[in-house]
There are 2 protein chains.
Amino acid sequence: MNNTTLKQIASQLGISITTVSKSLKGYSDVSEKTKKTVIDLAKQLNYTPNSFAVNLRTKESKTIGLIIPTLVHDFFSNVIQGILEEAEKRDYLVIILQSNEKLEFEKKQIDLLLNKRVDGILISLSNETGEFEHLKTILSHNTPLVLFDKIAKLVNCSKVTINDRKAAYDAVSYLIKKGYKKIAHFRGAYLPQNSIDRFLGYKKALEDNNIPYDSSLVYVCDNNMDFENGYENAKKIVNEHPEIDAIFAVTDLVAIGIIKYLNEVEIAIPQQIAVLGFSNWFMSSVMSPKLSTIDQPGFEIGKKSASILFDEINLKKNNSPVIFQSIELGTSIIERQST
Amino acid sequence: MNNTTLKQIASQLGISITTVSKSLKGYSDVSEKTKKTVIDLAKQLNYTPNSFAVNLRTKESKTIGLIIPTLVHDFFSNVIQGILEEAEKRDYLVIILQSNEKLEFEKKQIDLLLNKRVDGILISLSNETGEFEHLKTILSHNTPLVLFDKIAKLVNCSKVTINDRKAAYDAVSYLIKKGYKKIAHFRGAYLPQNSIDRFLGYKKALEDNNIPYDSSLVYVCDNNMDFENGYENAKKIVNEHPEIDAIFAVTDLVAIGIIKYLNEVEIAIPQQIAVLGFSNWFMSSVMSPKLSTIDQPGFEIGKKSASILFDEINLKKNNSPVIFQSIELGTSIIERQST
DNA sequence: TTGTAAGCGTTATCAT
DNA sequence: ATGATAACGCTTACAA
């Protein structure tokens with residue numbers, strides 16, 4: 001049991017709590033001698049400040065909250081790693097919650113974090129999230145908030161993303177340059193901004209290259225955008241549109257589902273149908289064929305988001321004005337075997 | 001800003017803080033009438049108790065800490081999900097830290113959690129961890145501790161694992177039953193108990209089936225037990241022991257590395273060499289060929305570990321004696337295409 | 001250089 | 001049924 005308190009040290013040394021506190025915190029108005037005795041005894045008794053008391057006194061928890069849609073997810077796992085790394089540097093701890101792509105959970109979890117009085121909050125929105133009152137609640141509590149990856153453009157806070165539209169545009173342009181002409185798109189659901197932007201990039205690339213946009217070549221995945229979606233839609237499209245020569249998938253997991261199906265029915269990739277993913281999950285590099293994809297720097301997104309959040313926390317502490325940033329991190333095309 | 005305090009409510013209502021507190025906490029010795037007024041005003045002012053003060057007063061944080069070796073990891077991600085689910089049920093929050101398979105970090109993070117005064121700690125040990133003083137520190141702080149997956153048998157606390165030895169034994173027996181005779185094993189490093197147990201299971205299965213154990217067929221992966229390890233060791237063994245007809249890998253990631261190499265040099269799986277993994281990562285079901293593996297129930301391990309931890313936290317609160325449990329969850333063989 | 005005392009926002013004990 | 005008061009352990013203005 002380690003429950004040494006300042007009081008105990010003080011009484012053992014026959015001095016006041018204040019002097020003990022000051023000594024331990026390196027204040028200058030304590031004699032070297034007493035300071036030393038205090039520090040020695042503290043060390044000997046294994047003193048650590050009671051964080052509950054410190055929190056109450058300083059009104060900060062040295063903790064931030066993180067809400068992500070799904071944990072079992074290559075991209076988000078990497079984001080978390082980046083966040084944890086930045087937090088550790090600053091002696092901050094991170095409470096992690098999973099919204100499970102549900103708006104309802106997201107709301108509830110925000111309340112939990114606010115009640116816990118975390119010093120800041122990091123969120124990647126659920127695919128369901130189309131209203132933003134709960135985010136504004138965070139702001140009205142004066143708690144720094146940084147949105148990343150799946151953001152709400154309308155909420156007034158810092159944001160860290162990639163340029164989904166441009167990334168998709170480049171991806172499809174690349175496909176066109178490789179000679180593919182009938183390019184289908186398996187897009188995400190209608191809500192998260194990313195799906196929309198990736199779709200828009202796809203469409204624009206076609207148009208800029210004089211390929212007429214054909215909405216019947218766009219298949220919509222449901223909210224999960226998972227393996228099954230890719231598999232099932234691949235089955236459908238092969239039947240409905242045998243003429244396609246490439247599919248641009250909204251995310252790797254969907255692309256992997258596509259590959260799975262094409263492999264099963266022995267449609268050659270990329271000779272008959274090319275497949276291009278998005279996100280560069282580790283998995284995509286060990287598939288057969290290896291999946292070409294867009295690299296989305298999860299780790300850096302995490303680091304940057306956290307670092308902005310901590311900056312804002314500090315600015316707030318000093319009553320300095322904070323200027324919200326919108327950062328876009330770069331992406332790149334990873335060419336492998338599927339295109 | 002939501003900083004309503006009991007004091008404010010009290011003064012607005014012209015009653016004492018005590019009465020306000022009691023009303024809000026449903027004590028019986030408050031008149032229905034005042035209780036109602038208090039509750040109404042509290043709701044109107046959006047009162048939420050200051051958790052810092054509550055923590056200080058009650059000496060509990062309603063928070064647990066979790067230390068895992070790696071975050072970008074299918075199995076551990078599933079474990080975390082299980083833990084978060086149990087925590088949420090009980091209105092507990094979870095602080096997550098990553099040891100990165102380093103003993104040094106593990107130690108430091110334990111200190112962080114202890115200083116934070118979390119109500120309990122959940123750990124899966126790093127592959128480096130061969131001494132346990134830091135774990136005993138947790139116990140000496142009287143903080144409930146549950147070890148899962150990678151545990152230390154010698155530490156006196158509850159543990160949740162699978163039976164690695166039996167799982168490996170069954171796995172190799174299955175291989176033998178399928179007719180494989182020269183079975184190699186890519187084992188993990190010498191430290192984590194799992195590696196040892198899986199190796200022991202492998203060895204025992206051979207012996208029980210009258211296949212002489214040949215130590216030259218056992219290749220040791222380094223601490224990371226990753227894709228590269230599988231790939232490189234596969235390259236080596238194909239060269240050094242062309243006679244083998246199966247490889248039992250300590251974990252799926254290693255198995256996937258093996259498959260990758262065998263595919264590249266066009267060694268037929270499983271006709272020439274069969275590959276059996278361990279853990280049943282999602283990835284393994286979308287490989288070509290699909291990987292046969294041992295299902296390790298990550299989600300359940302997480303749930304069970306958390307639930308035991310919360311039980312111990314409650315018992316401790318009631319000053320009831322706690323009896324440490326060692327739970328072993330079942331595994332099963334997932335037969336796919338690689339064996 | 002050292003110490004007193006107030007206060008952070010609760011909860012709990014004991015009077016009234 | 002209600003309230004005064006102390007306490008949790010710390011920080012910090014203000015005295016001495």
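Each chain gets a letter, A, B and so on, in the order its sequence line appears, and its residues count up from 1. Treat the numbers as computed from the prediction; the structure is a model and nothing was measured.
In this structure, CZ of Phe52(B) is placed 16 Å from C1' of dG7(C), rounded to the nearest angstrom. Atom CG of Leu24(A) is separated from atom C1' of dT2(C) by 16 Å (rounded to the nearest Å). Following rounding to the nearest Å, Gln8(A) (CD) and dC8(D) (C1') show an atom-to-atom distance of 13 Å. If you take CG of Asn55(B) and P of dC10(D), they are 15 Å apart, rounded to a whole angstrom. Per the geometry, NZ belonging to Lys7(A) stands 13 Å off P belonging to dA6(D), to the nearest Å. Between the NZ atom of Lys59(A) and the P atom of dC8(C) there is a distance of 7 Å, rounded to whole Å. In this structure, Asp29(A) places its CG atom 7 Å from C1' of dT1(C), rounding to the nearest Å. Taking atom CZ of residue Arg57(B) and atom C1' of nucleotide dA6(D), one finds them 9 Å apart after rounding to whole Å.
When each of dT2(D), dG9(C), dT10(C) is scored by its nearest atom to the side-chain atoms of Leu56(A), the top-ranked nucleotide is dG9(C). In this structure, of dT2(C), dT10(C), dG9(D), it is dT10(C) that holds the atom nearest to the side chain of Leu6(B). Side-chain proximity of Lys22(B) to the nucleotides dG9(D), dT10(C), dC14(C) is greatest for dC14(C). Closest contact between the side chain of Thr18(A) and the listed nucleotides dG9(C), dT10(C), dA13(D) involves dA13(D).
At dT2(D), one or more side-chain N or O atoms of Thr34(B) fall inside 4.0 Å of OP1 or OP2 (strictly under the cut-off). Phosphate contact (OP1/OP2 of dT2(C), side-chain N/O of Ser31(A), threshold under 4.0 Å): present. The shortest distance between the side-chain N/O atoms of Ser21(B) and the OP1/OP2 oxygens of dT11(C) is below 4.0 Å. Taking only side-chain nitrogens and oxygens, Ser16(B) never comes nearer than 4.0 Å to OP1 or OP2 of dA4(D). Taking 4.0 angstrom as the limit, Tyr27(A) places none of its side-chain polar atoms (N or O) nearer than this to OP1 or OP2 of dA13(D). For dT10(C), neither phosphate oxygen OP1 nor OP2 lies less than 4.0 angstrom from any side-chain nitrogen or oxygen of Thr58(B). In terms of phosphate contacts, Lys25(A) brings no side-chain nitrogen or oxygen within less than 4.0 Å of OP1 or OP2 of dC10(D).
The nearest heavy atom of DNA chain C to Ile17(A) and to Glu32(A) marks one nucleotide each, and the one closer to the 5' end goes with Glu32(A). When each of Ala53(B) and Thr19(B) is assigned the nucleotide of DNA chain D with its nearest heavy atom, Thr19(B) is the one assigned upstream, toward the 5' end.
Within a 6.0 Å sphere centred on CD of Gln325(B), heavy atoms belonging to other residues, nucleotides or ligands number more than 12.
One finds no salt bridge joining Lys316(B) and Glu312(B) here, because no Lys/Arg side-chain nitrogen approaches an Asp/Glu carboxylate oxygen to under 4.0 Å. A salt bridge links Asp29(A) and Lys22(A); the closest N-O separation between the charged side-chain nitrogens and carboxylate oxygens is under 4.0 Å.
Ring geometry for Phe75(A) versus His73(A): interplanar angle over 60°, hence perpendicular rather than tilted (30 to 60°).
Exactly one residue among Ile110(A), Val146(A), Thr129(A) makes a side chain to side chain contact (heavy atoms under 4.5 Å, CB included) with Ile123(A). That residue is Ile110(A).
Close placement of the Tyr92(A) and Phe310(A) rings is indicated, their centers lying within 6.0 Å of each other.
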